[in-house]
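Here is the structure we will look at.
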Amino acid sequence: MKSTLKKLLPFAVVGVISGATTVGTLQYFGQHSNNGDQSYFTSSPNASFVGMNTSATGDDFVKAAKTTVPAVVTIKNYQSRTTSRASEQDLFDFFFGDPFGGGGGRGQQKQRQQQQAPDNMPSGMGSGVIISPDGYIISNNHVVAGANKLEVVLSNKKSYIATLVGTDPNTDISLLKIEEKGLPFLNFANSDNIEVGQWVLAVGNPLGLNSTVTAGIVSAKGRGIGILGGQGKASNPIESFIQTDAAINPGNSGGALVNVNGDLIGINSAIQSTTGYYQGYGFAVPANLARKIVEDIKKFGIVQRGFLGVTSLDLSDDQQVALYNKSKNTNIKTGSGIYVTGFGDKSGAEDAGLKIGDVITKIDNAPVTDFADLSIAVGSKRPGDKVLVTYARNGKESTTTVTLKDQKGGTSTKTKADLSVTEKIGAEFDPLNDKFKTEYGLNSGVVAKSVSEGSEMAKIGIVDNYIIIEINGKPVNSQKDVEKILDKYQGNVQVKFVDDYGRIYTKGFKMP
């Protein structure tokens, strides 16, 4: 039972201390900062509704489709597959279009994955949305993950090689750039204003069918479905999806969810399905959150994330509460809100007077009924931002202002230049013990830990527990060795490492 609790609690802990995807199954898958100059992409002030008479509905759908289709692109992900990565690729193909075709079942998928993808064939295909006339494109992180080349194909079939500007596994958002001007693009709508029952269109490239438009309604808001954190790809996931019944299928990942004006209200990211194909429910990252992420990436090179600094219990989750009560011998009642169970180091919430046992009920006067509400309310803000926290203590409601901090307790934004070596390359390292070195004939080595999705180390194929022998031709035996070699280093980095089959590789990347 304790092990079950440990599996459940990180969903409460991770995102709250902090503050998706199309096309998988459930198992995988706004307020802005007070810094006005951080806004880059254009926005539409309000989401709107379609008239309910038949003729008006049809006309509005046609208008929205004509606006949206030219701004939605196909993204082709080219990468080298090796048998050592078969298990990860098994997930990868399940989430968006498989260019080798056919359903075929899991066994046939694995058989295909044991073969190297041809150089001229993409490993996967998804969608993206042009969000500025000079070629910025938003998509999902999982659409671009692992790519050594990204090709963007417009609705007019014109093709470009894209630059990956940045990614954020915690929201499953990525930002790409192609070199072109005068492109059609979509405005961001204010996704806070959408309503359940509102008409929406999903536009993307499902199952190899380019420029497909489907219609439905917003069937729910603020859905947290455990996709991002459930696969271990996101260290601090933010999940507060827009749920829609517009048909979404493999290949729609990264495509547009728009209102009847053709304004972007979400990025299609996941489906709930037992088969991997549409069964009635799709999920999109809200436009306000997506816009904040891409603005951070464009301005700072990295995502700026605010943290409350609390660990918590989601009172709306009956099972989580029951397990917590059994483990801690408490009698906490289920209900609405977030129960504070502890604080991180240099916690802004603790500094503001919150205590263990308080129940957070609102952030900036917006109701917090479950973890998804808290996740987006806090995680979509930056270090240094202030939030008004309403909480209940001993039956009495109170408010306090919390200054959000980063994970190290700072209250200012950072750029890539401010990051440590391990943050820049996306991994940490543990020493390799002498007994292991002797048994495997190694003179040096560190074990890779906490390898971040989309990081420089991940891009060259390194995952947790791979052994790094040398960096730039120099042996490494500790994290300090890695930091010493790469501190203030600029240029190409050469990494010699051993995979979990004992095979030795030498690969490299340009130091960010």
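What you see below is based on every heavy atom in this structure, not just the backbone, and it leaves out hydrogens, waters and symmetry mates.
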Can you tell if the side chain of Val359 reaches within under 4.5 Å of the side chain of Tyr391, non-hydrogen atoms only?
no
Is Ile297 close to Val303 at the side-chain level, that is, under 4.5 Å between some pair of heavy atoms?
yes
Taking all non-hydrogen atoms of both residues, which atom of Ser412 and which atom of Asp406 are closest, and how far apart?
O-OD2, 4.4 Å
Which atom pair, heavy atoms only, marks the closest approach of Asp500 to Tyr466?
N-CE1, 3.6 Å
Rounded to the nearest 0.5 Å, what separation is found between the CG atom of Asn252 and the OG1 atom of Thr214?
6.5 Å
Is the backbone of Asn140 close enough, under 3.5 Å, to the side chain of Ser174 for a donor and an acceptor to pair up by distance?
yes
Lys177 versus Leu175: any side-chain heavy-atom pair under 4.5 Å?
no
Where is the tightest heavy-atom contact between Ser347 and Gly309, given as atom of each residue plus distance?
OG-O, 2.8 Å
Between the side chains of Asn205 and Ser127, is a donor N or O closer than 3.5 angstrom to an acceptor N or O?
yes
So do Ile360 and Leu308 actually touch side chain to side chain, heavy atoms under 4.5 Å?
yes
Do Thr311 and Thr341 pair up side chain to side chain, a donor and an acceptor below 3.5 Å, judged on atom types alone?
yes
Walk me through it: do Lys298 and Val294 pass the test side chain to side chain contact (heavy atoms under 4.5 Å, CB included)?
CA-CA 6 Å; Lys298 184 179 183 298; Val294 296; over 6 Å; no
Evaluate the side-chain proximity of Ser211 to Val203: yes if any heavy-atom separation is below 4.5 Å, no if none is.
no
Whether Asp296 and Arg305 form a salt bridge (side-chain N of Lys/Arg under 4.0 Å from carboxylate O of Asp/Glu) is what I want to check.
no
I'd like to check Val213 versus Val69 (side-chain heavy atoms, cut-off strictly below 4.5 Å). Are they in contact?
yes
Are Lys299 and Glu295 within salt-bridge range, i.e. N to O under 4.0 Å?
no
Test: salt bridge (Lys or Arg N to Asp or Glu O under 4.0 Å). Region: residues 345-360. Which pairs qualify, not counting sequence neighbours?
Asp351-Lys405, Asp358-Arg393
Side-chain donor-acceptor pair under 3.5 Å between Asn288 and Asn190, yes or no?
yes
Hey, mind stepping through Thr67 and Leu186 against side chain to side chain contact (heavy atoms under 4.5 Å, CB included) and telling me if it holds?
CA-CA 8 Å; Thr67 300; Leu186 296 187; 4.1 Å; yes
side-chain hydrogen bond (donor to acceptor under 3.5 Å, both in side chains) filter on Ser139, not counting sequence neighbours, yields none
Could you go through Phe300 and Lys414, starting from their C-alpha distance and side-chain angles, then the distance that decides it, and tell me whether this counts as side chain to side chain contact (heavy atoms under 4.5 Å, CB included)?
CA-CA 7 Å; Phe300 304 105; Lys414 292 182 178 180; over 6 Å; no
Evaluate the side-chain proximity of Phe185 to Ile131: yes if any heavy-atom separation is below 4.5 Å, no if none is.
no
Other residues, nucleotides and ligands only: do more than 12 of their heavy atoms fall within 6.0 Å of OH on Tyr281?
no
Derivation and outcome, salt bridge (charged side-chain N to carboxylate O under 4.0 Å, His left out), residues Glu423 and Lys408:
CA-CA 12 Å; Glu423 287 173 329; Lys408 294 186 176 181; 3.5 Å; yes
Working note: Lys63 + Val260, criterion side chain to side chain contact (heavy atoms under 4.5 Å, CB included); need CA distance, chi angles, decisive distance, verdict.
CA-CA 7 Å; Lys63 175 186 173 183; Val260 294; over 6 Å; no
Closest non-hydrogen atom pair between Gly197 and Ile217, with its separation
O-CG2, 3.8 Å
Flag the pair Asn259 / Ile194 as yes when at least one side-chain heavy-atom distance between them is below 4.5 Å, and no otherwise.
no
Before giving the answer on salt bridge (charged side-chain N to carboxylate O under 4.0 Å, His left out), spell out for Glu456 and Lys459 the whole-Å C-alpha distance, their side-chain angles and the decisive distance to 0.1 Å.
CA-CA 5 Å; Glu456 300 302 327; Lys459 288 176 185 176; 3.5 Å; yes
What is the distance from atom NZ of Lys328 to atom CG of Leu323, rounded to the nearest 0.5 Å?
12.5 Å
